[in-house]
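Structure first, then comments.
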Amino acid sequence: MKKIIIIAVLLLGFAISANAQKKIEIAELPKPARDFLNKHFRNSEIDVVKKDAEHGEKGYEVKLKDGTEIEFWKDGSYREVDGGKKPIPTAFIPESVKDYVAKNHPNEKITHIDYGHKDLDVDLTNNIDLEFTKEGKILKDKKDK
């Protein structure tokens, strides 16, 4: 009986995790997400588009063939752009953030930006992790350990 219960729980867990990320077509993304991709990643080939429920929040995840990952809120506004170790486009990044990076880290490029609920996290090519308020005021400037 214990084995049956354990198997049932495992199967339920797999079903829930499979539902958490479901592949979809690019046309199923909200218009703001499609517009963002067309404007800032027009020359990049899309690998996978998923409807994503991360941390209980519904949204979307797009992976490009070059390894860049872009996450969108459920309304289609961008939440995160992660280029891994590669620089990302910066036209959508707030001017105050770009100005701070240019002034304080002039030889570095932005590789990651993440809008959390309270702040904005930015990573640079030299592994510096920056945190800003949503308004673009610097909170932390630290080297990753």
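These figures come from a predicted structure and were not determined experimentally. For the numbers below, each heavy atom of this structure counts, side chains included, while hydrogens, waters and symmetry mates do not.
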Are there over 12 heavy-atom neighbours, none belonging to K98, within less than 6.0 Å of that residue's NZ?
yes
Please confirm whether the backbone N or O of N126 pairs with a side-chain atom of E108, one donor and one acceptor, at under 3.5 Å?
yes
Of all heavy-atom pairs between N38 and R42, which one has the smallest distance, and what is that distance?
O-CB, 3.1 Å
Can you check whether K85 reaches N127 side chain to side chain, under 4.5 Å on heavy atoms?
yes
Whether T111 side chain and T125 backbone form a donor-acceptor pair below 3.5 Å:
no
Can you check whether E25's main-chain N or O pairs, donor with acceptor, with E28's side chain at less than 3.5 Å?
yes
Taking T133 for its side chain and G136 for its backbone only, find out whether a donor-acceptor pair lies under 3.5 Å.
yes
Rounded to the nearest 0.5 Å, how far does NZ of K63 lie from CD of E45?
16.0 Å
Are L37 and L29 side-chain neighbours, meaning at least one heavy-atom pair lies under 4.5 Å?
yes
If you look at every heavy atom in K74 and P30, which pair is closest and at what distance?
O-CG, 3.6 Å
Which value, rounded to the nearest 0.5 Å, describes the distance between I113 atom CD1 and F132 atom CZ?
8.5 Å
E61/E80 under side chain to side chain contact (heavy atoms under 4.5 Å, CB included): CA gap, chis, key distance, verdict:
CA-CA 9 Å; E61 181 180 317; E80 180 177 2; over 6 Å; no
Checking the side chain of R79 only, and the main-chain atoms of W73 only, is there a donor and an acceptor separated by less than 3.5 Å?
no
Donor-acceptor under 3.5 Å (N104 side chain, Y100 main chain):
yes
I'd like to know whether NZ of K134 has more than 12 heavy-atom contacts from other residues, nucleotides or ligands below 6.0 angstrom.
yes
For V62, the option from V81, V49, D52 that meets side-chain contact (heavy atoms from CB on, under 4.5 Å)
V49
From the list D123, I93, D82, I70, side-chain contact (heavy atoms from CB on, under 4.5 Å) with I88 holds only for I93
Scanning both residues in full, the closest heavy-atom pair of E131 with D119 reads OE1-OD2, 3.1 Å
Side chain proximity check, L120 to D114, heavy atoms < 4.5 angstrom:
no
For residues L130 and K140, determine if any side-chain heavy atom of one lies less than 4.5 Å from a side-chain heavy atom of the other.
no
Is it the case that one hydrophobic cluster holds both L139 and I110, taking links as side-chain heavy atoms less than 4.5 Å apart, direct or via other members?
no
If hydrophobic clusters are built from ILVMFWY residues whose side chains come within less than 4.5 Å, do V48 and Y60 share one?
no
Dump the intermediate steps for side chain to side chain contact (heavy atoms under 4.5 Å, CB included) on L64 and E69, then the final yes or no.
CA-CA 6 Å; L64 305 179; E69 295 183 10; over 6 Å; no
Please tell me whether D121 and Y115 have a donor and an acceptor in their side chains that are separated by less than 3.5 angstrom.
no
Apply ring-ring contact (aromatic ring centres under 6.0 Å, His included) to Y78 and F72, showing your working.
CA-CA 4 Å; Y78 90 92; F72 297 95; 7.6 Å; no
List in chain and number order the residues that pass side chain to side chain contact (heavy atoms under 4.5 Å, CB included) with K86, two or more places apart in sequence or in another chain; answer none if no residue qualifies.
D66, T68
Are K31 and D35 close enough, and set up right, to give a salt bridge (charged side-chain N to carboxylate O under 4.0 Å, His left out), and what steps lead you there?
CA-CA 6 Å; K31 185 173 179 354; D35 291 346; 2.9 Å; yes
Could you go step by step and tell me if L124 and V122 meet the side chain to side chain contact (heavy atoms under 4.5 Å, CB included) rule?
CA-CA 7 Å; L124 305 179; V122 175; 4.2 Å; yes
